[in-house]
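Please read the structure below before turning to the comments.
When a ligand or atom number is given, it counts from 1 through the structure's own listing order.
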Amino acid sequence: MKTILVVGGAGYIGSQMVKQLLATGNYHVVTLDNLSHGYRDAIIGGDFVLGDLADRTGLDHLLADYQFDGIIHFASFIEVGESMQQPGKYYQNNVAGTLNLLDAIISHGAPPIIFSSTAAIFGEPQYTPIDEQHPTQPINPYGKTKWMIEHILADYGRAHQLKFTCLRYFNAAGADPEGQLGERHQPETHLIPLVLQAASGRRSHLTIFGQDYDTPDGTGIRDYIHVYDLCQAHLLALEQLWQGADSTAYNLGNGTGFSVKQVIETANLVTGNTIPIVMGTRRKGDPARLVADSTHAKLKLNWQPQYADLTTIITHAWQWEQQLIR
Ligand code: UDP
């Protein structure tokens, strides 16, 4: 039985990862989380260690207590707008925290690490779909922290024989297909949960951020990828590193873009409600279109998304929203 450390395992994607690792029956799972944004009740099994990446001594104790075969690192602050207002908070937590983690890892046998990266490292797209060769020019501190960590990993890889895979998520969405877990961000800034909160009555309306983009209906286009499928990619990436693959990066999306209006129309059908909308202005820093080319992940990881259909993604998120309001 291999032992995996999930850093940030109490969060939206991390908790789903813990669930999927446990479901295989092949892994002993340890979650490290400071519960600043995650939820203790989202960790459905394995061991839990309350701790912070700022605490290097605590990390050393944790890595000495367990012999980890692999690390999956989700812990980071993720709000673009907040990162523009408080960049130091992002560089401290995301970059300095990851440096502590990496230093602890390399002094305890350097098990391979899967790192949660983001499409935000690419900045304003120069072409779509975005493949791994696309230039990386992040336009906000959040994206810059992830870009920096990718470079730090490359340097640690060369210097310390650390194996790593960077997974650049496009728009993580949906919820546990079994209805047990889902998104609970405070504050919520993501489109699909906000749309569904407007459908359930938890919010009065959804504001569309801009309808003057250069897209067919004028609203922003994104590539929504199911949280379950993202987690499967982590597992495949880890297995690939254990089998001796080189460190690399993969872009993870479905390769199909949906506009804000298309998301709302699909949510209207799924929920049977007409979601109240208000037309607003563009949100600063939002590109018109972000769509992934995930050919590399499909070929090299043999990654096959199970829930690529937008209706399914929204159906699972709606199941979760209904559970929250119960
Ligand atoms: N969006 C919107 N209203 C909202 C939240 C988001 O119109 O209340 C739009 C946003 O401008 C973008 C898309 O929905 O085009 C997805 O935004 P989200 O914040 O979910 O993800 P991002 O792509 O910013 O990471």
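R203 and E188 are not joined by a salt bridge, as no carboxylate oxygen comes within less than 4.0 angstrom of a charged side-chain nitrogen.
Aromatic ring pairs are classed by plane angle as parallel below 30°, tilted from 30° to 60° and perpendicular above 60°; the pair H296 and Y250 is tilted. The aromatic rings of H134 and F122 sit perpendicular to each other, their planes meeting at more than 60°, with 30° as the lower class boundary. Using the six-membered ring where Trp is involved, Y142 and Y90 have ring planes that are perpendicular, over 60° apart on the 30 and 60° scheme. A tilted orientation is assigned to the rings of H37 and F77, their planes being inclined by 30° to 60°.
Under a 4.5 Å side-chain heavy-atom cut-off, the cluster of Ile, Leu, Val, Met, Phe, Trp and Tyr residues that includes I208 is completed by L191, I192, L194, V195, L196, L206, Y224, F258, V260, V263, I264, V270, I275, I277, M279, L310, I313, I314, W318.
Annotation: ligand 1 has protein neighbours N171, T189, H190, L191, L194, L206, T207, I208, F209, G220, R222, Y224, V260, R283, D286, each with a heavy atom less than 4.0 angstrom from the ligand.
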